[in-house]
Structures are given as C-alpha cells and as structure tokens.
Amino acid sequence: MKHWLMKSEPDSYSIEDLERDGRTAWTGVRNYQARNLMRDEMSVGDPVLFYHSSSNPPGVVGVARVASEPYGDATALDPRSDYYDEKATEQEPRWYLVDVEFVERFPRTVPLAELKDTEGLEEMVVTQRSRLSVQPVRPEEFEIVRRLGRS
DNA sequence: GCCAACGTTGGC
DNA sequence: GCCAACGTTGGC
C-alpha cells in the first residue's frame, strides 16, 4: 500500500466538501507526473493526506482514501469544461483520475510551516517546494502528519 | 500582487 | 533533441 498527498484549493474543493459528498472524482489534474502517479501507482485503499493549497495557512487538513481504479478524466472531453483538452478522446483519454473518499477531518490544520519545522519531514515532497499536486508520501511521514493533525 | 520554481511548447 | 519563451502554481 502506498501513501499520498493530494492538493486542492479549498475555494474549488475543500475537505468539508469531501466530507459532505463522501466521495469525489479527482478531476482536472493536467500535469503528467501527477497523472502518471494516479494512473500507474495508485491502488484502491491507499491513504491520502488532503492538503489545502492557496489558503491561509496552507496545510494538511485531513485524510482521504483512494476509492477507485484509475479511469479517463471525462472533463477533458467536455468543451465547456475548464479542463477541456482537445487532444483527449474516448479511446485515448490522455488524462486519468481516481475517485477519492472521505476518511477524517483533522481537528486542526497542520500548516506547511509546521511540516517544514517537524523532525522527520525534512525530505517530504511538499516541504521541498514541489508544485506537484499529487505526491508520494512515505509511510513514516504519513504517520507523523496524522499524529500532528489529531493533536 | 509578486515572483521563484518549474513544467510545457515550439522553433530550429 | 536543445533550449528560449512562455504559462502556471502556489507560498508569501
């Protein structure tokens, strides 16, 4: 089982939205590295740190779980969608996603600044200025962050 | 709103 | 296939 961190801007989709919906399709990823991680590396049941970006403060706000096998992102086929991609087709979807389901909302946000200050997270991708919206997380890192969030 | 980091595009 | 120009992300 692999562990992940997925970023979302809370103005577009927040942990509260996920708690309400229970489950959502992670549409709109248009970065190849992030796509490849979802398409090739994720399995149903993988734990996910849910991260709010472009918020104040940015940070991890809860836990989710991969809830489907990867499949083509239909928003790439919709000309009215912000995520439309004219090179995507039904046969060659080009962009992939997984469904994600709600697991828990932390009683507090674990801010990015705190992650950067926490022993054991020095090499965590999100503390290394990475813009990747889907990132692998080491199991030890996942545990450290969850403990912080629950405290 | 600024701007650094960095991914993508396209000319050659 | 290189690399300059350009666009986007996202923290601050």
Side-chain angles (χ1 to χ4, degrees), chain A residues 2-21 24-42 46-66 70-100 102-138 140-151:
Chain A
K2 293 177 174 159
H3 295 68
W4 306 98
L5 178 146
M6 296 171 87
K7 296 182 186 173
S8 185
E9 297 190 18
D11 287 349
S12 58
Y13 199 83
S14 69
I15 187 80
E16 289 81 7
D17 294 327
L18 184 61
E19 182 168 25
R20 179 198 63 218
D21 298 342
T24 195
W26 204 260
T27 54
V29 170
R30 296 292 179 268
N31 168 284
Y32 288 107
Q33 220 181 326
R35 178 203 70 178
N36 293 348
L37 290 172
M38 289 198 291
R39 189 190 59 186
D40 306 334
E41 303 290 336
M42 283 190 174
D46 283 357
V48 176
L49 295 172
F50 196 105
Y51 181 92
H52 280 175
S53 61
S54 298
S55 69
N56 193 11
V60 178
V61 292
V63 174
R65 180 192 299 133
V66 176
Y71 58 99
D73 183 346
T75 64
L77 302 173
D78 177 1
R80 290 160 307 176
S81 169
D82 287 344
Y83 304 125
Y84 178 64
D85 181 344
E86 58 183 12
K87 292 178 186 160
T89 66
E90 297 254 3
Q91 290 70 33
E92 286 289 330
R94 186 150 133 125
W95 301 109
Y96 288 80
L97 52 71
V98 294
D99 289 351
V100 161
F102 178 79
V103 174
E104 69 174 300
R105 175 144 68 110
F106 292 153
R108 70 180 188 104
T109 297
V110 185
L112 176 61
E114 185 174 342
L115 298 178
K116 289 178 175 173
D117 275 349
T118 299
E119 207 171 327
L121 302 183
E122 297 84 0
E123 294 177 25
M124 196 175 174
V125 181
V126 77
T127 65
Q128 306 271 30
R129 286 180 160 272
S130 170
R131 304 183 333 182
L132 250 196
S133 65
V134 176
Q135 310 179 352
V137 174
R138 293 176 180 155
E140 319 86 78
E141 294 167 342
F142 190 96
E143 283 312 316
I144 292 170
V145 175
R146 184 164 58 185
R147 192 171 310 124
L148 290 173
R150 286 173 172 173
S151 66

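In what follows, chains carry the letters A, B, and so on, assigned in the order in which the sequence lines appear, proteins first and then strands, with residues in each chain numbered from 1.
The distance between atom CG of A:Asp82 and atom P of C:dT9, rounded to the nearest whole Å, is 11 Å. Nucleotide B:dA5 holds its C1' atom 13 Å from the CD atom of A:Gln33, rounded to whole Å. Put simply, CG on A:Asp85 is 15 Å from C1' on C:dG7, counting in whole angstrom units. Separating the CG atom of A:Leu132 from the P atom of B:dA5 is a distance of 16 Å, rounded to the nearest angstrom. Spacing between atom NZ of A:Lys7 and atom P of B:dC6 amounts to 11 Å, rounded to whole angstrom units. One can place CD of A:Glu9 at 8 Å from P of C:dT9, the figure rounded to the nearest angstrom. With rounding to whole Å, A:Leu5 atom CG is found 17 Å from C:dT9 atom P. In this structure, A:Asn56 places its CG atom 10 Å from P of C:dC12, rounding to the nearest Å.
Relative orientation of the A:Phe50 and A:Tyr13 rings is tilted, given thresholds of 30° and 60° on the angle between their planes.
Between A:Arg138 and A:Glu143 there is no salt bridge, since none of the side-chain N atoms of the basic residue sits less than 4.0 Å from a carboxylate O of the acidic one. Between A:Glu104 and A:Arg150 there is a salt bridge, since at least one side-chain N of the basic residue sits less than 4.0 Å from a carboxylate O of the acidic one.
The side chain of A:Ser53 lies closest to C:dG11, out of C:dG11, B:dG7, B:dT8. You'll find that the side chain of A:Arg131 is closest to C:dT8, out of B:dT8, C:dT8, C:dC12.
The closest donor-acceptor contact from the side chain of A:Thr118 to the backbone of A:Leu121 lies at 3.5 Å or more, if one exists at all.
Within the structure, every side-chain polar atom (N or O) of A:Lys87 is placed at least 4.0 Å from both OP1 and OP2 of B:dT8. The side chain of A:Tyr51 places no N or O atom within less than 4.0 Å of a non-bridging phosphate oxygen (OP1 or OP2) of C:dT9.
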